[in-house]
Amino acid sequence: MAFQFNEDITNNILNYLEGWELKTEDTQNKNEVTSFLSESETDNLNVSKEITVEELETFWVKTLNYAESYLQVKLDSFDSEIIKNVIQTAMESWCAGLIYRKYNIRVIDQVDETQTTGYGDELIIQAKSILKPYQYKKLVIW
């Protein structure tokens, strides 16, 4: 399968998410140490957001499904490696946007009660604009 989840995809997704890191044994031990600190001491630490490889892979599979639905084409149907690389880059952006939207609060404008576009939304919009030229279009002539 062309869009198989791997370490490169993991790193590319994390590049979109500033301050995020993979959850490992070291980061779990660091969290256990901070539990002995007082609340004010913990607030002073530089805390980054963590995500497991399993959760990243779950989001990647979800992104694969969203991309196929958006393009209305099976992703394996593309022959060109250049097109596959472009699509994979867009999907990494989309995946990062989904993760960001899950773990960050959205701001609601108090004036007209509409949601403002956040960083996660911008990543998804950017991904869709990259994918748009590759959408399947069926020409129907009457």
Side-chain angles (χ1 to χ4, degrees), residues 1-35 37 39-142:
M1 186 172 165
F3 300 97
Q4 191 77 23
F5 185 77
N6 58 38
E7 188 175 341
D8 290 335
I9 290 173
T10 300
N11 293 331
N12 292 340
I13 292 169
L14 289 175
N15 283 337
Y16 286 104
L17 302 169
E18 187 176 335
W20 286 62
E21 61 184 32
L22 284 178
K23 191 174 202 174
T24 61
E25 289 295 321
D26 294 337
T27 57
Q28 288 174 345
N29 292 337
K30 180 176 73 175
N31 289 341
E32 291 172 8
V33 170
T34 59
S35 65
L37 300 174
E39 189 173 328
S40 62
E41 292 172 321
T42 306
D43 291 340
N44 293 332
L45 295 175
N46 184 11
V47 179
S48 61
K49 296 189 178 183
E50 299 171 342
I51 189 165
T52 63
V53 174
E54 292 79 18
E55 189 172 14
L56 268 174
E57 187 170 8
T58 300
F59 273 102
W60 181 251
V61 170
K62 184 185 285 191
T63 305
L64 282 171
N65 293 331
Y66 285 158
E68 283 186 345
S69 176
Y70 181 76
L71 294 173
Q72 299 176 2
V73 172
K74 286 284 186 195
L75 294 174
D76 292 335
S77 67
F78 294 102
D79 295 330
S80 169
E81 284 299 315
I82 295 170
I83 292 174
K84 287 181 180 179
N85 289 338
V86 169
I87 290 173
Q88 180 172 321
T89 301
M91 289 174 48
E92 291 163 354
S93 172
W94 196 332
C95 187
L98 291 173
I99 294 167
Y100 191 89
R101 283 175 58 183
K102 178 178 180 184
Y103 290 105
N104 289 280
I105 299 170
R106 290 191 189 181
V107 177
I108 298 178
D109 189 356
Q110 295 298 323
V111 177
D112 59 3
E113 297 183 9
T114 58
Q115 290 185 348
T116 57
T117 304
Y119 179 65
D121 298 319
E122 289 295 331
L123 288 173
I124 293 170
I125 291 167
Q126 174 188 359
K128 286 182 177 181
S129 67
I130 292 170
L131 292 174
K132 190 169 183 120
Y134 305 105
Q135 273 185 318
Y136 175 75
K137 294 180 175 65
K138 184 176 181 181
L139 178 63
V140 178
I141 302 175
W142 292 67

**Asked** Is there side-chain contact between I87 and F3, with at least one heavy-atom pair below 4.5 Å?
**Response** yes
**Asked** Does CG belonging to N65 count more than 12 external heavy atoms closer than 6.0 Å?
**Response** yes
**Asked** Atom CG of L71 and atom NZ of K132: how far apart are they, to the nearest 0.5 Å?
**Response** 11.5 Å
**Message:** Using side-chain heavy atoms (C-beta onward) and a distance below 4.5 Å, is L56 in contact with W20?
**Reply:** no
**Message:** For F5 and W60, take the angle between the two ring planes, folded into 0 to 90°, and tell me which bin it lands in: parallel under 30, tilted 30 to 60, perpendicular over 60.
**Reply:** tilted
**Asked** About how many Å separate CG of N6 and CG of N11, when rounded to the nearest 0.5 Å?
**Response** 9.0 Å
**Prompt:** Is there a donor-acceptor pair closer than 3.5 Å between any side-chain N or O of Q72 and the backbone N or O of Q135?
**Reply:** no
**Prompt:** Taking side chain as C-beta onward, heavy atoms only, is E57 less than 4.5 Å from E54?
**Reply:** no
**Request:** Verify, without hydrogens or angle tests, whether T89 (side chain) and N85 (backbone) share a donor-acceptor contact under 3.5 angstrom.
**Result:** yes
**Message:** Could you tell me if the side chain of E68 sits less than 4.5 Å from the side chain of L64, heavy atoms only?
**Reply:** no
**Item:** Y134 atom OH, over 12 foreign heavy atoms within 6.0 Å
**Value:** yes
**Heavy-atom check, side chain of L17 versus side chain of K49, under 4.5 Å** = no
**Asked** How about E92 and Q88: does a side-chain donor come under 3.5 Å of a side-chain acceptor?
**Response** yes
**Asked** Do L98 and Y66 have side chains that get closer than 4.5 Å, going by heavy atoms?
**Response** yes
